[in-house]
*Asks:* 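For reference, the structure I am asking about is given below.
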2 protein chains.
Amino acid sequence: MRLLVVEDDADLARQLTERLSAEGYAVDRAGDGEEGQFLGETEPYDAVVLDLGLPKVDGLSVLRAWRAAGVATPVIILTARGTWSEKVQGIDAGADDYLAKPFNMEELLARVRALIRRTKGHASPEIACGPVVLDTRTGRVTVDGRPVDLTAHEHRVLSYLMHRKGQVVSRTELTEHIYAQDFDRDSNTIEVFVGRLRRKLGVDVIRTVRGLGYRMEEA
Amino acid sequence: MRLLVVEDDADLARQLTERLSAEGYAVDRAGDGEEGQFLGETEPYDAVVLDLGLPKVDGLSVLRAWRAAGVATPVIILTARGTWSEKVQGIDAGADDYLAKPFNMEELLARVRALIRRTKGHASPEIACGPVVLDTRTGRVTVDGRPVDLTAHEHRVLSYLMHRKGQVVSRTELTEHIYAQDFDRDSNTIEVFVGRLRRKLGVDVIRTVRGLGYRMEEA
DNA sequence: TTGGAACCTGAACGGGGGCTGAGCCGTGCG
DNA sequence: CGCACGGCTCAGCCCCCGTTCAGGTTCCAA
């Protein structure tokens with residue numbers, strides 16, 4: 001999953017990026033509203049963490065601009081403590097969740113997970129494809145209840161496929177959601193990861209749709 | 001389904017063509033308004049993605065020319081950010097949808113899908129012909145709920161037939177909508193695909209109308 | 001009934017998309 | 001410093017898929 005963090009406070013931004021990366025997300029960062037708005041309109045993020053107090057263009061304007069432009073990416077806004085009016089405005093402007101600063105990092109992580117899950121259309125925190133089960137809270141993957149060890153990138157690939165199970169996911173789409181901003185287009189890394197996943201999982205749940213991409217089997 | 005992309009920015013044009021092809025469309029590209037207008041009037045596209053800022057002839061003129069010439073192909077226009085007047089003029093000129101640049105690729109894909117569905121007269125994202133069901137979002141085909149594996153070209157043929165269910169579709173029409181610009185006319189590939197489809201589907205829903213073409217049964 | 005046109009189908013083939021094993025490189029850790 | 005490991009690249013192989021062709025079957029007109 002690929003995230004955008006729009007935060008001007010360098011310290012907080014670093015903390016967020018590090019922690020979210022450690023959780024296995026591909027994270028892009030924007031330091032002001034202008035950059036944030038541009039990235040949010042251009043790149044296909046799975047969720048955005050948006051601070052409301054920003055240089056150049058403030059967060060609310062960014063959010064409104066996105067929604068006006070039809071960008072439906074789920075957004076969590078960060079507001080200074082106690083500024084209730086901001087929260088309300090944020091929700092009105094199309095935010096999906098909000099968090100008051102200073103916030104608890106674990107809570108943010110939980111909310112991000114839940115948000116991505118909801119917007120991909122999964123009610124439960126566990127996603128299952130046949131015997132393969134992904135627990136979105138712990139990030140743990142099991143096959144028939146038996147845990148499977150995956151590397152960071154293997155996990156990202158599988159996780160994205162499972163969140164979109166039943167649909168064909170093209171190689172380019174996978175690449176875009178798995179790597180942060182700079183990535184190489186001409187390479188077969190995706191195929192390599194899929195190959196390793198298939199071997200590690202030991203079950204035939206990742207179907208290749210020749211010429212189009214990959215699809216996780218529904219049942 | 002066959003699409004036309006009219007876009008002068010080489011980078012963006014390549015991105016669009018690649019992605020749309022990966023989604024299973026046959027894509028033609030025009031680099032300026034003149035070429036675009038010609039192709040749009042000549043070839044039978046199922047949808048057009050039209051940039052408004054173009055060399056030689058600008059997008060709005062192209063669109064007006066098409067509509068004046070009776071070309072009813074659905075058109076999505078791409079406008080530079082914030083130029084509201086262009087959007088309004090675009091709609092007035094006969095555009096069916098518009099998107100502000102920079103745009104989100106996933107959103108464009110969704111709009112293209114929806115547009116094609118609407119113009120072929122289907123309200124729901126699922127099209128059914130008896131036991132055969134096509135989900136236009138996932139591209140999945142089922143017979144009596146049982147999924148059927150199709151190759152890319154088989155899928156295109158079936159998809160086009162189903163979008164025009166109940167109507168007779170000639171071999172040449174099929175060929176034109178399934179292949180991009182350069183294709184061979186003298187060949188029996190269509191017959192082969194129809195044959196394979198009939199076998200894979202296992203149901204008699206594709207009727208041949210001797211001398212005219214094929215028809216998907218309504219009920 | 002017969003001939004021919006339209007259509008179907010099985011087999012074969014050639015190219016290219018996809019898979020994989022091996023090896024390289026950078027990084028983190030003992 | 002060296003080792004292990006994860007990420008990435010590359011080359012070669014395999015096999016799927018699109019296409020063609022030949023021969024068979026069905027339909028229609030005369």
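Chain naming here is simple, since letters A, B, ... match the order of the sequence lines and numbering starts at 1 in each.
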*Asks:* With heavy atoms under 4.0 Å as the rule, sort B:R156 into base, sugar-phosphate or nothing.
*Replies:* nothing

*Asks:* Return the value, rounded to whole Å, for the distance between atom CD1 of B:I178 and atom P of D:dT19.
*Replies:* 10 Å

*Asks:* Decide, yes or no, whether a salt bridge links B:D204 with B:R198 under the criterion of side-chain N to carboxylate O below 4.0 Å.
*Replies:* no

*Asks:* C:dT9 P sits how many Å from B:F193 CZ, rounded?
*Replies:* 15 Å

*Asks:* Please confirm whether the shortest side-chain N or O distance from A:T151 to OP1 or OP2 of D:dG7 is below 4.0 Å.
*Replies:* yes

*Asks:* If I take atom CG in residue B:N188 and atom C1' in nucleotide D:dT25, what distance separates them, rounded to the nearest angstrom?
*Replies:* 15 Å

*Asks:* Rounded to the nearest Å, what distance is computed from the CZ atom of residue A:R207 to the C1' atom of nucleotide C:dC19?
*Replies:* 16 Å

*Asks:* Determine whether the aromatic ring centres of residues A:Y45 and A:H177 are separated by less than 6.0 angstrom.
*Replies:* no

*Asks:* May I ask you to evaluate whether B:Y214 reaches the phosphate of C:dC8, defined as a side-chain N or O under 4.0 Å from OP1 or OP2?
*Replies:* yes

*Asks:* Taking only side-chain N and O atoms of A:S187, does any of them lie within less than 4.0 angstrom of OP1 or OP2 on D:dT9?
*Replies:* yes

*Asks:* Salt bridge check: are A:E217 and B:R140 linked by an N-O gap of less than 4.0 Å?
*Replies:* yes

*Asks:* Rounding to an integer number of Å, can you tell me how far B:H153 NE2 sits from C:dG15 P?
*Replies:* 17 Å

*Asks:* Does B:R210 contact D:dT25 through a side-chain donor or acceptor facing the base, at a distance under 3.5 Å?
*Replies:* no

*Asks:* Output yes when at least one side-chain N/O atom of B:R198 is less than 4.0 Å from OP1 or OP2 of C:dC7, else no.
*Replies:* no

*Asks:* Tell me which of B:V192 and A:K200 sits closer to the 5' end of DNA chain D, going by the nucleotide each one is nearest to.
*Replies:* A:K200

*Asks:* OP1 or OP2 of D:dC8 sitting under 4.0 Å from any side-chain N/O of A:Y179?
*Replies:* yes

*Asks:* Please report, rounded to the nearest Å, how far the P atom of C:dT9 is from the CD atom of B:E191.
*Replies:* 10 Å

*Asks:* Specify the separation, in whole Å, of atom CG of A:L150 and atom P of D:dG6.
*Replies:* 11 Å

*Asks:* Rounded to whole angstroms, how far apart are CD1 on B:I190 and P on D:dT19?
*Replies:* 9 Å

*Asks:* Does D:dC17 have OP1 or OP2 sitting under 4.0 Å from an N or O in the side chain of B:R196?
*Replies:* no

*Asks:* Indicate whether any N or O donor in one side chain lies under 3.5 Å from an N or O acceptor in the other, for B:Y160 and B:R2.
*Replies:* no

*Asks:* With a 4.0 Å cut-off, would you call B:R29 and B:E7 a salt bridge?
*Replies:* no

